Structure formats: structure tokens, C-alpha cells
Amino acid sequence: MNDAQRILDLRETIRKHDRLYYVEARPTISDREYDALWDELAALERAHPELVTPDSPTQRVSGEPLTKFNRVHHDPPMQSLDKTYDKADLEQFDAYLRKRLPEGTMWDYVVEPKIDGVSLSLRYEHGRLVRAATRGNGVEGDDITANVRTIRSIPLTLPCDVPLLEVRGEVYMTREGFAALNRAEEEAGREPFANPRNACAGSLKLLDPREVAKRPLDAVLYAAGALDGVAFSTHTEMMRAFASWGLRTPPWQRLCLDMGQVFAAIDELEGLRHAFPFEIDGAVLKVNQRALYPILGSTAHAPSSARAYKYAPEQARTRLRAITVQVGRSGVLTPVAELEPVSLAGSVIARATLHNADYLREKDIRVGDMVEISKHGDVIPAVDRVVPELRPPEAVPFVLPTHCPVCGGDVERLEGEVATRCVNPECPAQRVGRLELFVSRNALDIAAIGGRMAEALVQAGLVTQPLDLWSLDPAALAEFRLVAEDGTERRFGKKAQEVMAALDRARDLPLHRWLFALGIPGIGVTAARIVAAPFASWSALFADPLFEDVLAFYEATERKTEDRDLLAGEIATRAQALAERGLLQRDDPDKSFRDRFLLTIKPEMAREMTRFLRSDYAHRVAARLAELGIDPKPLAEAPVGTALAGKSFVITGTLSKPREAFERLIRENGGTVQSSVSKKTSYLLIGADPGGSKYTKAQALGTPMLDEAQFAALLGQADAAPAEPETPPPSPAATPYVQDDLFGGLN
Ligand code: IVH
């Protein structure tokens, strides 16, 4: 079989397994076997970029981040449903149909769950997904094709050749996925989503499909829009056809011959309400015979052939006994309601999240209050409101502690965050979290230590601070017993050797990786590179007052005091060092020195670095590193060049090597990489089949474009191909720094 055939074959096989896994929830091969198929396809497609088609399973996450969504027109419009909370209204609905339809007409009903998500339209032309859109106002919605393509249960192709098939349904986030997403949001200090529907809508509005792909979205299809070349006589027949094409249909449906059966189905569904992986807020009652739809017609907003019956939201009242404060792995303080136990939606609730200080204040929740609780997203118990009439006179507002309840350290609320955090890096509550960060891939990459191992090591008291890893005894570590997910206990065994080897390798990892690993607030992967760059080693950084100087400089320029000039001299020297590393943007003569400086070490970075370096913790880290004989150097991965200093790049199209390699090359030579073209973009690097929006934007803005050869020329290299990680990149071409250029903006 030749490669082209094998590619087609692999795609078909992967599609089949996607369907078995995501649509039918009955996988027939292991994850490992699936991964092998995937890797083979990806490799073949890399070798034959000309054979890559948009409907390949590897192309689900593709395209560039958008700047906005295009509008699409819905024909027929996407309607809503008339809803009721009262079963008597459904009897009236049935009576109304009897009156409207010719004597002797027979019909039956389908009852389905009403999924609480976001309406969606999928347009398939000759079996290919060509467009996905939100409902919008019903007549016009947003084109969210790139985002929807990332949802694995939505087929990119259908095994049918219907000229036009517009299917409609609901995108949702599972309750479990919602809970996990919210945990992560709260840990990151962001406002959590109110419910799965909001989280789902928010996810679909993200402009970068890569981000959407990380959100746990799914979809169910239960209606048709525009159709050409296909017709269905009943709703049930249509659902069967959808399912036969691999489209996910509602997981529960009842065909009912009379209203007695309809009510029984609605009650049965209500009992199952919490058994679905997604939230349902009612039942939908639909006439099954599609031929009757045009006769019945519709109102301005809803078809006359269906009704929604909404279940009452489940709530309970109980007394708030106390408010405790939990400290999460990243140090976030979360107030927790300790409740008089009460039963709600199938379980007994004694605790509920109160989110953060703002939430407490806005809802004026006080200890002793009678409160109303519900399950957000059907899972997370939360206090919705207090019942003011039932407030005891002695109830006083709750104030979040000013010190961490776990370690007694200072707490702080960072600008722009809703969360209050414990800032003590040695807080016991953060031990596992800090260890996980330390061993993570962008940090010191000690892959043999996973989440469970990190937790076990901390619990066993073997590791309190990440640097304790170097004190572990390999033999003892091999004997260490870890409880696996399935509850079985296993020796750490051979993995101990892997840990030791990784710890050895980590000694020589570049300084920025170490700085990132230490979890200094505000110093992420990118910031770590910037703050590490001016230094020859960790010990040099530790001994150097650069960050204090930079901070003082910023503060001085703000305050316009005298010592500014004094500091400026010192900073000029520093700036030169930065410029030599290609970190100081100095190519634009119109920019003041200060502005150019701002492009590198930002005030927040200087502030956090200063604070960190002054802390007792940093001194202990430094002492321990010295004991261990570890002194990380910058960029041991690859020396830095300055050929691209101050230049910003956007990359589009398929290049001869993975995009990351080019990104790395650009960064290593002092340039920056952006995700979309703007006026500030210096160059668009284009490969084969350049992406639409970047290319057109660059054309419109007159942004210079480079192909790989021109890029190589710019780098001063003969060969455009970026170096493999192991081979050293080209030697830096130092740009002389013009001293008097510095003061242009200061005077
Ligand atoms: S049929 C003409 N079936 O509920 C509209 N809708 O409140 C066709 N919904 O906009 C809708 N589950 O987004 C239908 N099984 C189901 C549904 C469902 C949820 C949503 C849909 C609609 C909204 C109306």
C-alpha cells in the first residue's frame, strides 16, 4: 500500500474509533493502540504535507486565532421553544393541536431531555462539515466552525452524500468537566463560571481554537434546519438516520401515544435528571410526525409543534453554622460554608463553596444566616442567597483572615485577581502544588514524578521543599510504595532510577527553567526567560541588585525624583547587558528609552523578583543550591543570538519543520513570536498554504513577508532549517550598543 492509500485508510480507521469512543461510548481498542494509529497518520502527513486535508482527524485543531467571528444567516431561523412549568399547559397544548389539525389526524409525541447548553447549527454539504454556528438572535449567529471542529464527538465527515444537511442541537459542558474547569479557574485566581452553560458559552466564544480544544465540550443533535436531497417523515426516523451517520442524538427518548404516556415519560425523566453527565433543565415534548410541522406553523419565536416543560430548580434552605477557610495547592484561600446537613438533589450537603471574599460581600453572607443552596452545574453545592427575614440579630459579616490559616504567613490579593493567596512559598498547603510545578515539563522535567507520587512524597514527609528531591536515597525510593488509581499498591521500583537520572540532568538545565520551577509569583515561562537573560548564573543573579535597580528606576521615573539620574547611569550599564542579549528593544529611534526598557523587564517582574530575592526562602534556596553544587547557567540549551533582536514574527502555513522549532529559533535570536498580525509585526514568516487571516491581514498592513530562505538570510544562516534541540544554533552576532542612544527619552 502506498502512503496516500495508507493515509486514507488510517483516517477511516481513526474516524471509526472516534465514533465508537466519543459518540457511542464503547471503545474497542486501547488508548495505546489508538495513539499508535494517530502517530502513524501524523507522521505520514508530515512527510506528505500536500496530502493533508481539512477533514483529517489530525486537523481538528487548526487555523489561526480569530480576531472576531463572522456572522452567519440562519435559514430557516433557529427558533426557541415555548416553555411551561405547569403540566396543565401541556394538556392545553394537546387540545390545541387536536383543534388545529384536520379531524382524524393521528400523531404521537416524543419526549426528550431538555439539555441546558448552547444551541448549535452544523452544516454538512455532501457529508462534509462546512460550517458551525451559534443561534445568536435566531436569524443571525456567529460562525464558530474552528471552535466546533475541536469537539471530538462531532464528525468532520458523514458517511452519506446528502447535498445539504443542516443539523441542530446543543453544545454542553459535562458536569464533571465543569467542576474541573472551575477548580482550575479558582486555583488560577480567576472568577469561576456560574454554571456549565456559562462555561460552555464562554468556551465557544474563545477566539483561539487551541484553547477551546482544552475545554470539555460535547454536543447532542436533535433537530434539522435546511435540508436538500433528504427528507424524514418522523422525528424518530430522523434521529435514527442521524445516529446511523455517527451523529450523537439524545441519550434518552420516549415515544408516547397519548398524554398519559407523555406525563409518565416526563416523570421518569425527572427521576433520571441527575443521572445524565450534563445538566438538563426539563423535558421537550415534540410532535413526531414532521409532515404536520408546516400545517402547525410557528409563532415569532417558537414552533407550534413542540413545548418545553421545565423542572423546578432544586434548592434547599439550611442554617450556616460556620465559615472555614481552605488553602488550595496554589495558596488560594477559599471560604467554605459549614452547613446544618440538608438533603438536596440526591445527596446530603454539609459544606458548600463560598468562592471568595467578593462573593461573601456581595451576597452579605454571615455566620448564623439561614441560606438557600443549590447545586451549581448539578454538582457543586453553593450558597445562592441568604434569607434576610431569618437572620439572627447577632450575625456579623465575615472577614477573610489576614494570615494564612495553615502556616500563619501573609496573604495577599494580587491586582486583577478575585482570589486571596497565601504568599509563603513554604506553606505546607502548597507543598504538593509546588513540587508538581517543580517537576513539570517546562520546569525541571522530572517526568517519573507524577501527581500521585508528588502527593505521596509530601505525605510521607520525604519532601517538604522541592530541593529535598536531591536528598532522596535511591534505594529507599525504589522501595517506596505508591497506591495506584485502582487501589493497588506498587513499588516505585525502576522509576527511582529515572528520577535520579532526571535530577542529574536538571543540574545543567538553563537558569530560566529553574526560575520558572521555583514558582515565583508572576514569573511564568516567558517572564523567566526575560529575567534570567542578563545573568551568567544563578549565583550571579542572586548577588546582583539589578531587579532592585530596575524597580527603583521605575519608581523614580514615576516620582520624577533626583536620584533618577544617578540610577539611570547604573541602569544604562545594565541595559547594555540586556541589549547584548537581544533583550532590549532598541531599533525604534522614536521610542523613549523608558518605553524600550519597558518591553523587557516589566515593573511587576522587577517587583516580584526583588521580593523573592530578599526573602528568607530565596536565601535558603541559594544555600541549598550551593551545598548541592548546582549553579544554573542561562540558556545552556542554546546560546542566544541577537540577529532578530527587537523583531516580532508571526508564522503561517506549513514549514519544513514543526512550527515550535522556528519559534524557538526566533526567540533564541532575540525575536518575539506573536499569534496574530498587527501593525507591530515586523515579519510574516510564510510556509506552504499560508493561513487566510494572517496572510490577508499582513497584505493589508503591508507587513514584510519572508519565506524560509529569506528568513535564513535574515538570520545570517545558509540553511533555513532550525537546529535540532541538540545541535547548537548559530553563534550570536552581537549588535553594538550605542550608549548615547540611551538617554534620548530620559531628558
Ligand atoms: S428542539 C425550534 N430539543 O432549548 C427549536 N431543543 O428553550 C428546536 N434544547 O433553543 C429545539 N434540548 O437550544 C430541542 N431536546 C431538545 C432540546 C432543545 C435543549 C434547547 C434549544 C432551544 C432551547 C429552547
Side-chain angles (χ1 to χ4, degrees), residues 74-86 89-90 93 97 109-122 132-142 144 148 151 154 166-175 195-198 200-201 204 217-227 232 234-236 238-240 242-243 247-256 262 265-266 268-270 272-273 276-290 292-313 377-378:
H74 295 301
D75 183 22
M78 285 182 82
Q79 292 187 303
S80 182
L81 289 172
D82 278 331
K83 35 188 148 308
T84 176
Y85 287 91
D86 189 351
D89 286 345
L90 297 183
F93 169 62
L97 295 184
Y109 292 108
V110 177
V111 174
E112 290 175 354
K114 179 162 160 31
I115 301 152
D116 198 12
V118 176
S119 332
L120 171 75
S121 150
L122 299 175
T134 61
R135 176 168 179 270
N137 60 14
V139 177
E140 249 193 3
D142 284 333
I144 52 165
V148 166
I151 302 174
I154 293 181
E166 188 204 343
V167 296
R168 293 176 177 180
E170 203 84 356
V171 194
Y172 60 82
M173 191 175 280
T174 58
R175 281 183 267 130
N195 52 49
R197 182 168 30 78
N198 284 7
C200 176
L204 290 174
L217 300 177
D218 216 328
V220 160
L221 290 319
Y222 49 62
L227 297 177
F232 310 100
T234 60
H235 182 67
T236 42
M238 182 170 85
M239 292 298 97
R240 274 195 301 276
F242 281 14
L247 293 163
R248 266 183 91 217
T249 52
W252 186 99
Q253 282 181 318
R254 288 284 178 272
L255 182 63
C256 304
V262 165
I266 287 178
E268 184 191 347
L269 181 61
E270 185 158 16
L272 291 170
R273 191 171 169 187
F276 294 102
F278 42 78
E279 248 195 298
I280 74 169
D281 58 347
V284 180
L285 174 60
K286 298 175 176 176
V287 169
N288 194 25
Q289 281 66 25
R290 290 175 54 85
L292 303 181
Y293 296 179
I295 304 175
L296 290 167
S298 62
T299 65
H301 105 131
S304 307
S305 54
R307 284 288 183 277
Y309 173 78
K310 299 251 284 184
Y311 300 128
D378 241 16

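Atoms within each ligand, like the ligands themselves, are counted from 1 in listed order. Model, not experiment: these values are computed from the prediction.
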Q: Take Lys114 and Ile280 through the side-chain contact (heavy atoms from CB on, under 4.5 Å) test and state the conclusion after the steps.
A: CA-CA 5 Å; Lys114 179 162 160 31; Ile280 74 169; 5.7 Å; no
Q: Calculate, to the nearest 0.5 Å, the distance between atoms CZ and CD belonging to Arg240 and Gln253 respectively.
A: 10.0 Å
Q) How are the rings of Tyr109 and Phe93 set relative to one another: parallel (under 30°), tilted (30 to 60°) or perpendicular (over 60°)? A) tilted
(Q) Give the atom numbers and elements of ligand 1 that come within less than 4.0 Å of a heavy atom of Glu112. (A) 3 (N), 15 (N), 16 (C)
Q.
Tell me the protein heavy atom at minimum distance from atom 13 (O) of ligand 1, and give that distance in Å.
A. Glu170 OE1, 2.6 Å
(Q) Closer than 4.0 Å to some heavy atom of Ser80 - which atoms of ligand 1 meet that? (A) 2 (C), 5 (C), 7 (O), 24 (C)
Q: Among all protein heavy atoms, pick out the one at the shortest distance from atom 5 (C) of ligand 1; state its residue, atom name and that distance to 0.1 Å.
A: Gln79 O, 3.3 Å
Q: Could you tell me if any non-hydrogen atom of Pro303 lies under 4.0 Å from any atom of ligand 1?
A: yes
Q. Does Met78 have a heavy atom less than 4.0 Å from any atom of ligand 1?
A. no
(Q) For Tyr222 and Glu170, which I'm curious about, is there any donor-acceptor pair between the side chains at under 3.5 Å? (A) yes
Q | Protein heavy atom at shortest distance from atom 8 (C) of ligand 1 | A | Leu81 CD2, 4.4 Å
Q) What pair of heavy atoms forms the shortest contact from Ser305 to Leu296, and how long is it? A) CB-CD1, 3.8 Å
Q. Which residue holds the protein heavy atom closest to atom 3 (N) of ligand 1, what is that atom called, and what is the gap in Å?
A. Lys286 NZ, 3.0 Å
Q | Qualifying residue, where the test is side-chain contact (heavy atoms from CB on, under 4.5 Å) with Ser119 and the options are Gln79, Arg168, Arg135 | A | Arg135
Q. Nearest protein heavy-atom contact for atom 7 (O) of ligand 1: which residue, which atom, what distance?
A. Lys114 NZ, 2.9 Å
Q | For atom 12 (N) of ligand 1, the protein heavy atom that lies nearest, with its residue and separation | A | Ile115 N, 3.0 Å
Q.
Which residue and atom name correspond to the protein heavy atom nearest atom 21 (C) of ligand 1, and how close is it?
A. Tyr222 OH, 3.0 Å
Q) Any sub-3.5 Å donor-acceptor pair from His74's side-chain atoms to Thr134's backbone N or O? A) yes
Q. Counting distance only, does the side-chain N/O of Arg197 pair as donor-acceptor with the main-chain N or O of Asp116 below 3.5 Å?
A. no
**Q.** Nearest-neighbour protein heavy atom for atom 10 (O) of ligand 1, which is reported as residue plus atom name and distance
**A.** Ser119 OG, 3.5 Å
Q) Closer than 4.0 angstrom: is that true for some heavy atom of Pro250 and an atom of ligand 1? A) no
Q: Looking only at non-hydrogen atoms, find the nearest pair between Val118 and Cys200 and report the distance.
A: CG2-SG, 3.8 Å
Q | Lys83: numbered ligand 1 atoms lying under 4.0 Å from its heavy atoms | A | 7 (O)
**Q.** Location of contacts on Pro113 toward ligand 1, heavy atoms closer than 4.0 Å
**A.** backbone
(Q) Check this for me, if you would: do Arg248 and Asp218 make a salt bridge, where the nitrogen-to-carboxylate-oxygen distance has to be below 4.0 angstrom? (A) yes
